[in-house]
Amino acid sequence: MARIPTAAVAAGGLVGGYAVARYTKKRPLGGAVLAAAGAFAAKGWRERAGTPTAAALTGLYTVGFGASHPLAKKIGAWPSVFAVAGTVAVASYALADRKA
C-alpha cells in the first residue's frame with residue numbers, strides 16, 4: 001500500500017485547519033484539524049527521516065502557523081495560508097518524502 005506523502009498531510013492540515021475555522025466560525029475545531037494533521041505528519045517525518053528532522057519540520061509547521069497571522073495582514077488570509085502551506089510542503093518533500 002502506498003504511503004501518504006507527509007508534504008500533502010502537512011499542507012492539508014494548514015489549509016484545512018484554516019478553512020474549518022473560517023467556515024464553521026469555530027477556531028478550536030480548526031485547531032483540532034491543524035493539530036491532528038501535524039501529529040500525523042510528525043509521525044511520518046520521524047519514520048522517514050528520523051527524530052531530528054521530524055523535530056525541525058514540526059517546528060517549521062508550528063512557526064508557519066504562527067507566521068501566517070501577521071503575513072495575512074500584508075497579503076491577505078488565503079494567500080498567507082497557501083504561502084505557508086507551500087513552504088512547509090516543499091521542506092517536507094525535500095527532507096522526508098523524497099528519501100522514502
Side-chain angles (χ1 to χ4, degrees):
M1 185 162 119
R3 291 184 181 186
I4 298 171
T6 58
V9 173
L14 289 161
V15 173
Y18 175 69
V20 167
R22 179 175 177 147
Y23 296 117
T24 65
K25 301 202 184 312
K26 295 186 182 341
R27 291 180 74 174
L29 188 57
V33 170
L34 180 82
F40 188 80
K43 181 178 180 291
W45 292 327
R46 188 177 53 77
E47 290 171 355
R48 295 172 193 188
T51 301
T53 300
L57 288 169
T58 300
L60 179 63
Y61 185 82
T62 305
V63 168
F65 166 71
S68 69
H69 291 81
L71 183 59
K73 292 179 181 180
K74 296 180 186 237
I75 66 172
W78 279 113
S80 172
V81 170
F82 288 134
V84 168
T87 300
V88 172
V90 167
S92 180
Y93 175 78
L95 298 175
D97 292 337
R98 185 173 55 174
K99 294 177 182 178

Student: Looking only at heavy atoms, which two atoms of Ala7 and Ala89 are closest? And how far apart?
Tutor: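 It is CB-O, 3.3 Å.
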Student: When hydrophobic residues are tied together by side-chain contacts of less than 4.5 Å, even through go-betweens, does Val33 share a cluster with Val84?
Tutor: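 No; tracing contacts between hydrophobic side chains, which count when under 4.5 Å, never links both residues.
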Student: Which heavy-atom pair separates Arg46 from Ala54 by the least distance, and what is that distance?
Tutor: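 Heavy atoms only, the tightest pair is N-CB, 3.5 Å.
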Student: Side chains of Tyr61 and Leu14: closer than 4.5 Å at any heavy-atom pair?
Tutor: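 Result yes, sub-4.5 Å side-chain heavy-atom pair found.
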Student: Shared ILVMFWY cluster between Val88 and Tyr93, side chains joined below 4.5 angstrom?
Tutor: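 Cluster IDs for Val88 and Tyr93 differ.
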Student: In chain order, what residues pass the side chain to side chain contact (heavy atoms under 4.5 Å, CB included) check against Ala19, with sequence neighbours excluded?
Tutor: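 In terms of side chain to side chain contact (heavy atoms under 4.5 Å, CB included), with neighbours along the sequence ignored, Ala19 is linked to Tyr23, Trp78.
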Student: So, do Thr53 and Trp45 sit near enough that their side-chain heavy atoms are less than 4.5 Å apart?
Tutor: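 Answer no - side chains too far apart.
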Student: Same hydrophobic cluster for Phe65 and Tyr18, using side-chain heavy-atom links shorter than 4.5 Å among ILVMFWY?
Tutor: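 As far as the 4.5 Å side-chain criterion goes, Tyr18 and Phe65 are not connected within one cluster.
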Student: Would one find more than 12 heavy atoms of other residues, nucleotides or ligands at under 6.0 Å from atom CZ of Arg27?
Tutor: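 Result for CZ/Arg27: open.
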Student: Any chance you could measure Leu34, atom CG, to Leu29, atom CG, to the nearest 0.5 Å?
Tutor: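 Leu34 atom CG to Leu29 atom CG measures 11.5 Å (nearest 0.5 Å).
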Student: Rounded to the nearest 0.5 Å, how far apart are CG of Asp97 and CZ of Arg3?
Tutor: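 Separation between the atoms: 9.5 Å.
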Student: Report yes or no: does Ser80 contribute a side-chain atom to a donor-acceptor pair with the main-chain N or O of Ser68 at less than 3.5 Å?
Tutor: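 Checked: pair present.
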Student: Considering all heavy atoms of both residues, which atom of Ala96 and which atom of Leu57 are nearest to each other, and what is their separation?
Tutor: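 Residues Ala96 and Leu57, closest heavy atoms: CB-CD1, 4.3 Å.
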Student: Not counting sequence neighbours, which residues clear side chain to side chain contact (heavy atoms under 4.5 Å, CB included) with Ala83? List them please.
Tutor: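 Partners of Ala83 under the side chain to side chain contact (heavy atoms under 4.5 Å, CB included) test: Leu71.
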